[in-house]
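We name chains A, B, ... by the order of the sequence lines, and we start the count at 1 in each one.
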Number of protein chains: 2
Amino acid sequence: MEKQSGKFEAIAAAAKSLFWKHGIRRVSIEEICHDAGVSKMTCYKYFSNKTAIAKYLIEEMFESGIKAYKEIYHSDISYEEKVKKMLDLKMSNAHEMSQELLDDIYKNQDEELSETIETIKKRMIGIYLDDIREAQKIGEIRNDVKPEFMLYFLNNLTEMLTDQRLVSIYSNPQQMISEVMTFFFYGIMPRKNGEK
Amino acid sequence: MEKQSGKFEAIAAAAKSLFWKHGIRRVSIEEICHDAGVSKMTCYKYFSNKTAIAKYLIEEMFESGIKAYKEIYHSDISYEEKVKKMLDLKMSNAHEMSQELLDDIYKNQDEELSETIETIKKRMIGIYLDDIREAQKIGEIRNDVKPEFMLYFLNNLTEMLTDQRLVSIYSNPQQMISEVMTFFFYGIMPRKNGEK
DNA sequence: TATATAAATACAAATAACGTATATTTCATA
DNA sequence: TATGAAATATACGTTATTTGTATTTATATA
């Protein structure tokens with residue numbers, strides 16, 4: 001069997017560009033084919049329909065996200081450094097999948113797609129919670145706070161980091177992340193002597 | 001007759017937001033009505049169809065552009081200052097109408113809309129050329145260069161000013177405009193003594 | 001209460017998108 | 001050059017969406 005001469009990738013790239021800009025509903029298969037420089041028949045060789053393309057793209061996106069997370073989590077740096085790196089990552093990927101696109105998917109009640117997203121989300125939450133519990137066990141973070149609350153709070157943080165009202169307070173995003181993280185790790189109490 | 005309770009404006013605003021983001025083709029009238037919080041019947045009270053809404057918005061946009069230009073041109077400042085103000089204006093309005101939206105209009109061969117745009121464009125070019133000729137007449141700019149070439153070159157300048165490759169060379173846009181303008185007014189030759 | 005105005009609903013007609021079948025073209029290989 | 005696999009272009013019936021209008025229902029105002 002011959003190696004795919006990049007047509008699959010061309011379709012995926014064209015679809016991603018269009019979906020991410022306009023949502024799924026507004027984009028037609030013929031449009032994707034045109035942008036990919038591929039005929040409709042070729043498109044149907046690889047994907048059974050539009051939803052299948054979107055599903056593939058969304059799964060790919062989440063997979064690469066999980067992979068990036070895993071790499072950070074299992075790297076040999078302090079827990080604080082890990083959280084910092086994750087927040088950096090989240091920020092740079094903020095527009096990876098726009099809220100608009102998600103709304104589009106849910107609003108149009110495409111059950112297959114929303115189920116796909118829900119499934120992956122659950123998987124990611126499971127991974128995150130396990131990792132938090134592990135970190136509690138080995139004493140990297142305090143264990144008198146529910147992992148679920150930490151996760152909720154972390155999600156809240158990432159939202160804050162893309163909120164223009166917060167961003168505009170700081171002269172650069174690194175300073176913002178650093179300050180927010182300090183608050184997350186140490187709270188509002190002034191540091192005691194001996195504390196890092 | 002009662003004053004329109006902002007429904008016309010609501011429709012125009014919703015349509016503009018959608019058109020400017022997704023182009024005209026991808027947006028339906030029902031969508032506009034929904035976003036405007038107005039029923040379809042009310043929409044048809046004010047506009048006969050989707051093209052009519054787009055036409056109104058495009059004309060309004062060009063009109064306000066011409067108005068802003070006129071204000072600058074007839075203000076009591078030096079010609080150099082005028083050009084600078086115009087370039088500032090052009091830059092801040094760079095995304096007023098995206099190339100994508102224009103492509104959408106031309107690609108879909110909506111004759112009415114493209115004619116509307118062409119008509120307005122011609123009017124604007126006429127105004128610009130007249131003003132350049134007048135400036136030549138009263139000696140504000142040299143008269144051994146065709147007005148048409150100056151206009152062409154000015155258009156080219158505004159395109160350059162939104163080109164990221166150029167923008168990234170300068171630490172701020174004002175410096176860029178100033179340098180580009182100096183080149184436009186005085187060319188590459190070093191200034192002679194006595195020249196401003 | 002009467003009257004005007006907008007919203008909601010329903011609908012036929014037009015348009016666009018879908019997915020498939022078939023004919024044509026391309027192009028590498030025998 | 002002839003052959004065959006694979007992509008493209010074309011055509012087509014089917015379904016879904018959009019359009020523009022008509023009719024009914026709600027809402028506010030004088």
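When rounded to the nearest whole Å, the span between CZ of R26(A) and C1' of dA16(C) equals 15 Å. Rounded to whole angstrom, the span from the NZ atom of K45(A) across to the P atom of dG19(C) amounts to 16 Å. We find that CD of E30(B) is positioned 12 Å from P of dA8(C), with the value rounded to whole Å. A straight line from CZ of F8(B) to P of dT5(C) spans 18 Å, rounded to a whole angstrom. Atom OH of Y44(A) is separated from atom P of dA9(D) by 16 Å (rounded to the nearest Å). Per the geometry, CZ belonging to R25(B) stands 13 Å off P belonging to dT18(D), to the nearest Å. With rounding to whole Å, F47(A) atom CZ is found 15 Å from dC18(C) atom P. One atom, CD1 of I53(B), and another, C1' of dT18(D), lie 14 Å apart when rounded to the nearest Å.
Candidate nucleotides dG20(D), dG19(C), dA6(C) were compared by shortest atom distance to the side chain of I29(B), and dG20(D) ranks first. Each of dT19(D), dA6(C), dG19(C) was ranked by its minimum atom distance to the side chain of Y46(B); first place goes to dA6(C). When distances are taken from the side chain of V38(A) to each of dA6(C), dT20(C), dT8(D), the shortest belongs to dT8(D). Candidate nucleotides dT8(D), dA11(D), dT21(D) were compared by shortest atom distance to the side chain of T42(A), and dT8(D) ranks first. When each of dA6(C), dA7(D), dT8(D) is scored by its nearest atom to the side-chain atoms of M41(A), the top-ranked nucleotide is dT8(D). Counting only heavy atoms from C-beta on, S28(A) has its side chain closest to dA17(C) among dA17(C), dA9(D), dT20(C).
Nucleic acid contact for K50(A): sugar-phosphate only, since backbone atoms but no base atoms lie under 4.0 Å from a heavy atom of the residue.
Across R26(A) and H22(A), no two heavy atoms sit closer than the pair CD-O, 3.2 Å. Listed here is the closest heavy atom pair of Y69(A) and L89(A): N-CD2, 4.5 Å.
Cluster membership for I125(A) and F149(A), using ILVMFWY side-chain heavy atoms within less than 4.5 angstrom, is shared. Under the 4.5 Å side-chain contact rule for hydrophobic residues, I77(A) and F185(A) do not share a cluster.
In this structure, K7(B) forms no cation-pi arrangement with Y46(B), as its terminal cationic atom is not both closer than 6.0 Å to the ring centre and no more than 45° off the ring axis.
Residue whose closest nucleotide on DNA chain D sits further toward the 5' end, between K40(B) and K40(A): K40(A).
OP1 or OP2 of dT8(D) sits under 4.0 Å from a side-chain N or O of K7(A).
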